[in-house]
Amino acid sequence: MYWLMKSEPSEFSIDDLKRQPKRRAPWTGVRNYQARNFMTREMKIGQLAFFYHSSCAEPGIAGIIKIVSAAYPDETQFDAQSEYFDPKSATDDPRWFNVDVELVKKTRFLPLRELKSIPALSDLHILKRGNRLSITPVSDRQWKLVEKIIAA
DNA sequence: GCCAACGTTGGC
DNA sequence: GCCAACGTTGGC
């Protein structure tokens with residue numbers, strides 16, 4: 001099982017991750033229950049994910065990251081100064097969680113445009129109509145195919 | 001539990 | 001900035 005995780009590069013890009021100590025950072029700001037549940041229930045330490053740049057001039061896959069922690073409460077939900085502050089979340093019953101990720105490698109940039117042009121990837125979640133989930137599973141087959149394309 | 005209104009996402 | 005698609009909210 002692999003993953004694809006979206007981030008707006010103006011908020012947090014792959015280069016921002018690269019600059020972090022140990023190239024690690026908490027994946028904060030997820031405020032969707034389905035995406036949260038993927039982190040709390042299905043993600044395992046050591047699993048790999050594509051780092052995807054969204055909501056920008058050129059959306060696409062920018063690199064590969066690794067899950068390096070179990071899910072734990074997202075601190076930004078308790079920070080009134082944060083744009084991710086959630087007044088309905090209580091410290092003794094947190095609503096939102098995050099995992100930590102580590103940069104494995106920055107790859108050749110693979111634009112969404114190119115992903116769309118590959119028929120064998122038509123079942124990729126982010127290519128499906130109306131998909132907005134910020135964290136989606138990627139199958140072994142899809143992962144290997146994309147890796148091959150990036151390497152080529 | 002239904003569902004209309006509203007807010008957000010994200011590519012274009 | 002537009003707008004389709006989808007998630008969340010809250011009155012009933």
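Reminder, nothing fancy here: chain letters follow the sequence lines and each chain counts from 1.
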Worksheet item: Which parts of residues 111-130 of chain A get close to DNA chain C, meaning a heavy atom less than 4.0 angstrom away?
Response: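 By residue number: A:Arg129, A:Gly130.
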Worksheet item: Is the side chain of A:Asp79 donor-acceptor paired with the backbone N or O of A:Thr76 at a distance under 3.5 Å, no angle test?
Response: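 No; zero donor-acceptor contacts below 3.5 Å.
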If I take atom [atom1] in residue [X] and atom [atom2] in nucleotide [N], what distance separates them, rounded to the nearest angstrom?
{"X": "A:Lys6", "N": "B:dT9", "atom1": "NZ", "atom2": "C1'", "value": "7 Å"}
{"X": "A:Met5", "N": "B:dG10", "atom1": "CE", "atom2": "C1'", "value": "18 Å"}
{"X": "A:Leu133", "N": "B:dG11", "atom1": "CG", "atom2": "P", "value": "13 Å"}
{"X": "A:Glu8", "N": "B:dT9", "atom1": "CD", "atom2": "P", "value": "7 Å"}
{"X": "A:Gln34", "N": "B:dT9", "atom1": "CD", "atom2": "P", "value": "15 Å"}

Worksheet item: Of the options A:Trp27, A:Tyr33, A:Phe78, which is the one that meets A:Trp96 in a ring pair (Phe, Tyr, Trp, His ring centres under 6.0 Å)?
Response: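 Passing option: A:Tyr33.
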Worksheet item: Quick one: is A:Tyr52 getting a side-chain N or O under 4.0 Å of the B:dT9 phosphate, OP1 or OP2?
Response: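 No, because none of the side-chain N or O atoms of A:Tyr52 sits under 4.0 Å from OP1 or OP2 of B:dT9.
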Distance (rounded to the nearest 0.5 Å) between [X] [atom1] and [Y] [atom2]:
{"X": "A:Arg23", "Y": "A:Asp16", "atom1": "CZ", "atom2": "CG", "answer": "13.5 Å"}
{"X": "A:Asp74", "Y": "A:Phe97", "atom1": "CG", "atom2": "CZ", "answer": "9.5 Å"}
{"X": "A:Ile65", "Y": "A:Phe50", "atom1": "CD1", "atom2": "CZ", "answer": "10.5 Å"}

Considering only nitrogen or oxygen atoms on both sides, find all protein atoms under 3.5 Å from nucleotides 3-8 of chain B and state each distance.
from  : atom 1 : to       : atom 2 : distance (Å)
B:dT8 : O2     : A:Arg132 : NH1    : 2.7

Worksheet item: Hey, do the aromatic rings of A:Tyr52 and A:Trp3 have their centres closer than 6.0 Å?
Response: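 Not close enough - the centres of the two rings lie 6.0 Å or further apart.
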Practice prompt. Determine, using the 4.5 Å side-chain heavy-atom cutoff (strictly less than), whether A:Leu103 and A:Leu48 are members of one ILVMFWY cluster.
Written response: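 No.
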Item to complete: Would you please test A:Ser89 and A:Gln77 for side-chain hydrogen bond (donor to acceptor under 3.5 Å, both in side chains) and show each step?
Response: CA-CA 7 Å; A:Ser89 188; A:Gln77 71 194 304; 2.7 Å; yes
